[in-house]
Amino acid sequence: PVDNVNVMLGDTSLNLTGDGFIAGEAQDVSGQSFQNYSRLGLGAGEALTFDLAGRSALAAAADQPAVISTSDRTSLAVGLGALALALLGVGAWWWQRSARPAKASPGGPRAAAGREDLLQAIAELDDDLAAGKVSQAEYDKERAWLKQELRKVWQTRD
């Protein structure tokens with residue numbers, strides 16, 4: 001059982017009716033008006049029932065055709081343009097990130113690689129060893145060759 005039931009409606013164009021409900025004073029909460037309805041005593045297991053009558057302000061607004069102003073269209077265009085630029089930036093970053101150097105093999109043909117490419121290849125080789133994708137002998141041979149190439153690049157650039 002409860003001693004008191006309060007129902008607050010934020011849409012003051014609706015009316016609440018029900019057994020034992022009394023309309024109270026409208027209250028202002030954070031700049032919005034609420035109509036308060038109270039009912040005394042509700043027994044345990046007793047259903048709380050009431051009816052709402054009237055046309056809500058939200059439904060009335062939905063009947064009005066939507067009008068998009070010029071400023072709304074401008075904001076929409078600017079927002080879509082910003083989204084397109086962001087997607088292009090992410091796409092370019094992803095494409096550049098996915099362009100990895102080909103794995104080197106000692107003595108094989110290889111284009112001149114930069115420091116970053118060689119360091120990346122060493123890191124990938126370390127990962128391959130940890131994952132069991134290459135044998136220790138292959139790892140030692142490949143890593144020695146990559147380090148030698150890296151020394152050459154550093155010596156020619158410095």
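Predicted model only: the values in this text are computed from it and were never measured.
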_Assess the residue pair Q136 and L129 against the criterion (side chain to side chain contact (heavy atoms under 4.5 Å, CB included)); give the C-alpha distance rounded to whole Å, side-chain angles, the decisive distance to 0.1 Å, and a yes or no._
CA-CA 7 Å; Q136 184 67 45; L129 177 68; 3.8 Å; yes
*Could you give me the CA-CA distance, side-chain angles and deciding distance for V153 and L118, then say whether side chain to side chain contact (heavy atoms under 4.5 Å, CB included) is met?*
CA-CA 9 Å; V153 170; L118 290 167; 3.7 Å; yes
*Quick one: do E138 and K141 satisfy salt bridge (Lys or Arg N to Asp or Glu O under 4.0 Å)? Show the steps, please.*
CA-CA 5 Å; E138 288 178 86; K141 185 177 179 182; over 6 Å; no
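Between the side chains of Q32 and D28, no donor N or O sits under 3.5 Å from an acceptor N or O. Of the N and O atoms on the side chains of Q120 and E116, not one donor lies less than 3.5 Å from an acceptor on the other residue.
Checked against the 6.0 Å centroid criterion, the rings of Y37 and F21 do not qualify as a close aromatic pair.
Hydrophobic clustering (ILVMFWY, side-chain heavy atoms < 4.5 Å, transitive): L146 and L119 are in one cluster. One hydrophobic cluster, built from ILVMFWY side chains closer than 4.5 Å, holds both L16 and L42. Hydrophobic cluster membership is shared by L48 and L14, with clusters built from Ile, Leu, Val, Met, Phe, Trp and Tyr side chains linked at under 4.5 angstrom.
Residue N6 places its CG atom among more than 12 non-hydrogen atoms of other residues, nucleotides or ligands, all under 6.0 Å distant. Other residues, nucleotides and ligands place no more than 12 heavy atoms under 6.0 Å from the CD atom of E25. Annotation: N4, atom CG; neighbour count of heavy atoms from other residues, nucleotides and ligands within 6.0 Å is above 12.
Expressed to the nearest 0.5 Å, how far OH of Y139 lies from CG of D128 amounts to 10.5 Å. D117 contributes atom CG, which lies 10.0 Å from atom CD of E124 (distance to the nearest 0.5 angstrom). Atom CG in D127 sits 12.0 Å away from atom CD1 in I122 (nearest 0.5 Å). Atom CG of N15 sits about 8.0 Å away from atom OG1 of T17, to the nearest 0.5 Å.
Proximity of L52 to L9: side-chain heavy atoms (C-beta onward) are separated by under 4.5 Å at one or more points. Under the 4.5 Å side-chain criterion, counting only non-hydrogen atoms from C-beta, M8 is not in contact with Q35.
Panel note: side chain Q148, backbone W145; no donor-acceptor pair is recorded below 3.5 Å.
Taking the charged nitrogens against the carboxylate oxygens, R143 and D126 do have a contact shorter than 4.0 Å, which makes a salt bridge.
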